[in-house]
Amino acid sequence: MIVKKPLYKVPKRLQGMMLRLIQYDIEVKYQKGEEMYIADALSRAYLPCAGQDKELLVKVDAVSHMRIREESLKQLKKATEEDETLQALKAVILKGWPETKQELSTLVTPFFSYRDELLLHDGLLFKGERVIVPERERKSIKEQLHVSHLGGDSMLRRVRECVFWPGMSAEVKQLASDCDACQSYARAQQKETLMPVEAKLPWEIVGADLFTLDNKDYLVTTDYFSGFWEIDRMKSTSSVAVIKKLKQHFSRYGAPCKLISDNGPQFASQEFHNFAVT
C-alpha cells in the first residue's frame, strides 16, 4: 500500500497528503467500498472545517524539482505525446489500473509492478520523482551519459536521479561493458598477487584439505612436486581422524618438510600442532 512506502517513493500528487498524515499513528487496512458503511455515511454528512493548518499544506511541482533543462523537457513532452506506449500508459493511469496484469495491453504490462508510483503531470509521465523517457529519446540520453566514460556504476547513479524507462539499468550496464574506456577506468578490487609453491623433492611440501561430496566427507592429500594425490573417505573429520590418515601416507612416502592447509579447525587444533612438531 502507498502509506507503507518511503515518502520519496510516493508520487508527487500524494506527498502532500502523506506529510499531513505523519502526525497521526494510523493503521490502514483494505476493505471493499460496499462494506464501508460508516465511512460512506460520514462522507455525506461531514462537518464544516473552520480552518486548516497552512504549514501542513504542501504543493509539490514535480517538474520544477527536476535536474533537466527546459529545452530537454520540451523535447520529452513532445516525444511523450507521440509515443504509443506512453499514451497507452497515460490512458490507463487516468482510467485506473485493473486488478490483474492479463487485463492490460502488452504495451503497458512492463509498468504493472510499480503502478502505484506512476503519475501524469504537466504532459509528462513520472515514476516517483523520475520522468519516464519515451523510446526515441533514450538513445540521446545514453549518449550524453556516456560522453565522460564514467563506468557502469557511476552512469547508473546519475541516470537514476531523474529519468526512468523499463530495462534502463540493463541497457546502461551493457553500454559500459561494450566500451573499452569505461572498462579500463572502472573501479575494481585489486587482485592478490599469486604466491606459487615450488617443491624441489617429492613429498617435500604437501597440501591437505577436507571436502564434502554427496554428503560424504573426504580428505585429499597432494604432493606439490609431482602433483600426485591421495583421496580418503572420512567417517569422521576430527583432528585425530585426519592425523591417522596423514600418518598412513607419510609412512609410505616419507614425512614432508612443510604441510599446507586452509587452517580449518582440524588443522588448527592443539592435537594437530603436537603432531606437526613431533
Side-chain angles (χ1 to χ4, degrees), residues 1 4-6 9 100-102 109-110 112-114 117 149-160 164 166-278:
M1 291 190 297
K4 294 184 178 181
K5 288 183 173 290
K9 288 189 176 181
T100 61
K101 184 187 297 186
Q102 288 70 24
T109 49
F112 184 80
S113 58
Y114 36 80
E117 299 180 47
H149 298 284
L150 299 174
D153 294 337
S154 297
M155 287 197 297
L156 277 176
R157 284 194 296 269
R158 289 192 60 188
V159 77
R160 284 171 179 168
F164 170 83
M168 181 185 70
S169 298
E171 292 182 23
V172 172
K173 289 180 180 179
Q174 185 63 40
L175 180 66
S177 64
D178 294 340
C179 175
D180 294 335
C182 289
Q183 291 299 311
S184 61
Y185 292 105
R187 289 187 177 182
Q189 292 184 350
Q190 187 174 1
K191 296 182 179 180
E192 184 71 23
T193 304
L194 293 177
M195 301 175 62
V197 178
E198 296 182 0
K200 298 180 180 180
L201 297 172
W203 287 85
E204 178 186 16
I205 302 177
V206 173
D209 194 15
L210 290 162
F211 69 95
T212 303
L213 179 64
D214 295 333
N215 296 321
K216 297 179 181 178
D217 297 315
Y218 298 89
L219 172 69
V220 57
T221 309
T222 306
D223 172 31
Y224 274 86
F225 179 80
S226 62
F228 176 79
W229 46 266
E230 291 266 13
I231 294 181
D232 299 285
R233 170 80 166 86
M234 304 292 291
K235 295 182 179 179
S236 171
T237 58
S238 65
S239 295
V240 175
V242 172
I243 292 171
K244 183 177 179 180
K245 287 294 182 182
L246 290 177
K247 280 185 175 180
Q248 294 176 5
H249 297 315
F250 296 163
S251 64
R252 292 195 297 269
Y253 306 117
C257 298
K258 186 177 182 180
L259 187 140
I260 298 176
S261 72
D262 60 355
N263 285 331
Q266 297 84 357
F267 301 99
S269 65
Q270 186 62 43
E271 292 90 342
F272 200 88
H273 174 74
N274 296 336
F275 163 68
V277 297
T278 56

**Q.** Listed partners of Tyr114 passing ring pair (Phe, Tyr, Trp, His ring centres under 6.0 Å), at least two apart
**A.** Phe164
Q. Sequence neighbours excluded, which residues qualify as side chain to side chain contact (heavy atoms under 4.5 Å, CB included) partners of Arg160?
A. Arg130, Leu156, Met168, Ser169
Q: Under the side chain to side chain donor-acceptor pair (under 3.5 Å) rule, collect the residues that match up with Arg252, sequence neighbours excluded.
A: His249
Q | Within residues 257-278 or reaching into it, pairs that qualify as ring-ring contact (aromatic ring centres under 6.0 Å, His included) - sequence neighbours excluded | A | Phe267-Phe272, Phe272-Phe275
Q. Heavy-atom distance under 4.5 Å between the side chains of Val240 and Lys244, does that happen here?
A. no
**Q.** side chain to side chain donor-acceptor pair (under 3.5 Å) partners of Ser238, counting only residues at least two apart
**A.** Ser236
Q: Give, for atom NZ of Lys245 and atom CZ of Phe250, the distance between the pair rounded to the nearest 0.5 Å.
A: 13.5 Å
Q: Could you pull out all residues at least two apart from Glu271 that satisfy salt bridge (charged side-chain N to carboxylate O under 4.0 Å, His left out)?
A: none
Side-chain donor-acceptor pairs under 3.5 Å in residues 201-209, sequence neighbours left out?
| from | atom 1 | to | atom 2 | distance (Å) |
| --- | --- | --- | --- | --- |
| Glu204 | OE1 | Lys200 | N | 2.8 |
| Glu204 | OE1 | Leu201 | N | 3.2 |

(Q) Assess the residue pair Lys258 and Tyr224 against the criterion (side chain to side chain contact (heavy atoms under 4.5 Å, CB included)); give the C-alpha distance rounded to whole Å, side-chain angles, the decisive distance to 0.1 Å, and a yes or no. (A) CA-CA 10 Å; Lys258 186 177 182 180; Tyr224 274 86; over 6 Å; no
Q | Residues that Ser226 engages under side chain to side chain donor-acceptor pair (under 3.5 Å), provided they are two or more places apart | A | Asp223
Q: Tell me, please, which residues at least two apart from Gln270 pass side chain to side chain donor-acceptor pair (under 3.5 Å).
A: Asn274
Q: Under the side chain to side chain contact (heavy atoms under 4.5 Å, CB included) rule, collect the residues that match up with Ser251, sequence neighbours excluded.
A: none
For residues 210-222, run the donor-acceptor check on the side chains, cut-off 3.5 Å, and write out each pair with its distance to 0.1 Å, sequence neighbours left out.
| from | atom 1 | to | atom 2 | distance (Å) |
| --- | --- | --- | --- | --- |
| Thr212 | OG1 | Asp217 | OD1 | 2.8 |

